[in-house]
*Asks:* 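I have a structure I would like to understand better, so I am pasting it below and will then ask my questions one at a time.
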Amino acid sequence: SISATAMLTAYAQHGQIQDSRAIFEQMPQKNIVSWNAMLTAYAEHGDHLEVERLSTRMPELDLVSWTTMLTAYAEEGLTLKANSVFEQMPEKDRVAWTAMLRAYVLAGNLEYARWTMERMPEWDTVAVTTMLAAYAAAGHMDQAEGLFSGLEEHNPVLQTAMLGAYSVTGDMLEAKCVFDGMVSKSLVSWNSMLSAYAQHGNAFQAKQIFDETPERTAVTWIAMISAYAHNGHLREALLVFHEMNTFNVFLDEVCFICALHACNHVGKTTAARSCFVSMSFDYHVVPTKRHYCCLADLMARAGHLRDAEELVLNMPFVPE
RNA sequence: CCGGAUGGAACGCAAGCG
């Protein structure tokens with residue numbers, strides 16, 4: 001039963017929702033964890049209706065079930081439904097409170113989010129980080145700083161959120177100060193510092209972080225490539241892209257959007273085409289609308305209007 | 001006896017429209 005649940009989750013995380021449902025249905029005895037895993041699978045698949053249907057069939061619901069339902073609603077923007085789940089929960093832990101807080105953040109309602117945080121029986125660092133990041137994204141630096149300085153314990157996630165907040169306002173000295181003051185830095189911290197420089201036109205300092213970081217993830221590479229691309233160093237951008245290809249990096253769809261964009265500015269139509277083909281054949285990344293958009297834009301700018309038109313007409317999406 | 005499966009926080013990207 002434990003291994004079946006693990007398999008169910010693995011299939012779901014690879015988008016094979018029907019396979020994971022098949023495993024679930026064939027399980028001889030289902031416990032609360034397997035039911036919850038199936039709920040999570042549908043929640044991540046964006047299918048709140050199936051989450052709802054499944055939950056009515058469950059022999060019992062626990063904190064995990066309730067919170068999964070709450071999050072499923074929240075991520076589809078159904079804040080009222082999320083709240084009604086929350087209100088009906090027989091007991092609430094800090095995970096549930098934070099999920100509700102985040103539901104309001106997703107709805108853009110920072111007042112309710114804050115009110116939810118204030119009502120928590122005990123403040124929790126995850127909840128505060130959620131709130132801080134929301135304030136930062138909305139440009140309320142004073143509020144973000146207030147939360148940050150009000151806490152005694154600063155963990156790496158919270159500090160990275162604060163670093164990102166300073167990056168939003170372009171306060172690079174403060175951002176670097178938080179970064180340097182961190183006792184332990186995660187890869188996300190390194191990437192955040194790199195992106196902060198990248199987004200503020202400092203390709204040189206971005207490159208320094210790029211060279212110093214203990215490990216490079218897909219995010220690291222993309223941030224570096226776009227740091228160059230945004231500042232007119234298109235040759236460097238393409239060089240880094242090629243370097244990335246020689247490492248064993250897991251390339252996701254965003255990598256290719258970024259590469260296509262760099263090709264676009266250099267006017268390398270051929271490179272872009274081969275990149276587009278290689279994406280599906282070598283990396284099994286399914287092209288999305290955004291990739292077609294990039295490539296069509298590139299071909300049009302290069303004067304290949306007929307090719308661009310053909311691409312748009314033949315793409316597996318409805319053109320907008 | 002112990003361990004193993006499920007829920008909450010921080011990082012990257014194009015175009016268009018304002």
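Everything numeric in this text was worked out from a predicted model, so none of it was measured. In what follows, chains are A, B, ... by sequence order, proteins preceding strands, each numbered from 1.
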*Asks:* Are A:R102 and A:E75 close enough, and set up right, to give a side-chain contact (heavy atoms from CB on, under 4.5 Å), and what steps lead you there?
*Replies:* CA-CA 9 Å; A:R102 182 168 155 74; A:E75 294 195 334; 4.2 Å; yes
*Asks:* How would nucleotides 4-10 of chain B be written as a contact map, 5' to 3', with B for base contact, S for sugar-phosphate-only contact and - for no contact, using protein heavy atoms under 4.0 Å?
*Replies:* BBBBBBB
*Asks:* Could you tell me how far apart A:M315 (CE) and B:A14 (P) are, to the nearest whole angstrom?
*Replies:* 19 Å
*Asks:* Could I get the full list of salt bridge (charged side-chain N to carboxylate O under 4.0 Å, His left out) partners for A:R57, not counting sequence neighbours?
*Replies:* A:E25
*Asks:* Can you list the residues that meet the salt bridge (charged side-chain N to carboxylate O under 4.0 Å, His left out) rule with A:E243, with sequence neighbours excluded?
*Replies:*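 Salt bridge (charged side-chain N to carboxylate O under 4.0 Å, His left out) list for A:E243, sorted by chain: A:R216.
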*Asks:* Check the distance between B:A14's P and A:I225's CD1 and give it to me in whole angstrom.
*Replies:*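 One finds 12 Å between P of B:A14 and CD1 of A:I225, rounded.
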*Asks:* What is the distance from OH of A:Y166 to C1' of B:C11, rounded to the nearest Å?
*Replies:* 18 Å
*Asks:* A:V64: which other cluster members, linking ILVMFWY side chains closer than 4.5 Å, directly or transitively?
*Replies:* none
*Asks:* With a 4.0 Å heavy-atom cut-off, tell me which residues in residues 194-206 of chain A come close to RNA chain B, sorted by residue number.
*Replies:*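 Listed by number, they are A:S195, A:Q199.
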*Asks:* If a pair satisfies ring-ring contact (aromatic ring centres under 6.0 Å, His included) and one of its residues is in residues 2-25 of chain A, list it, with sequence neighbours excluded.
*Replies:* A:F24-A:W35
*Asks:* Using whole Å, what does the distance between atom P of nucleotide B:A14 and atom CZ of A:F241 come to?
*Replies:* 15 Å
*Asks:* Under 3.5 Å, sequence neighbours excluded: what are the donor-acceptor pairs made by side chains of residues 308-317 of chain A?
*Replies:*
from: A:N314; atom 1: ND2; to: A:E310; atom 2: O; distance (Å): 3.1

*Asks:* Using whole Å, report how far CD1 of A:I257 lies from P of B:A15.
*Replies:*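 Computing the A:I257:CD1 to B:A15:P distance gives 11 Å.
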*Asks:* Name all residues meeting the ring-ring contact (aromatic ring centres under 6.0 Å, His included) criterion together with A:W221; count only those two or more places apart in sequence or in a different chain, and write none if there are none.
*Replies:* A:F210, A:F247
*Asks:* What residues, two or more places apart in sequence or in another chain, satisfy salt bridge (charged side-chain N to carboxylate O under 4.0 Å, His left out) together with A:E44?
*Replies:*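 Once residues adjacent in sequence are excluded, A:E44 has no partner under the salt bridge (charged side-chain N to carboxylate O under 4.0 Å, His left out) criterion.
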*Asks:* Do the side-chain N or O atoms of A:H230 get closer than 4.0 angstrom to the phosphate oxygens (OP1, OP2) of B:A14?
*Replies:*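 Result: yes.
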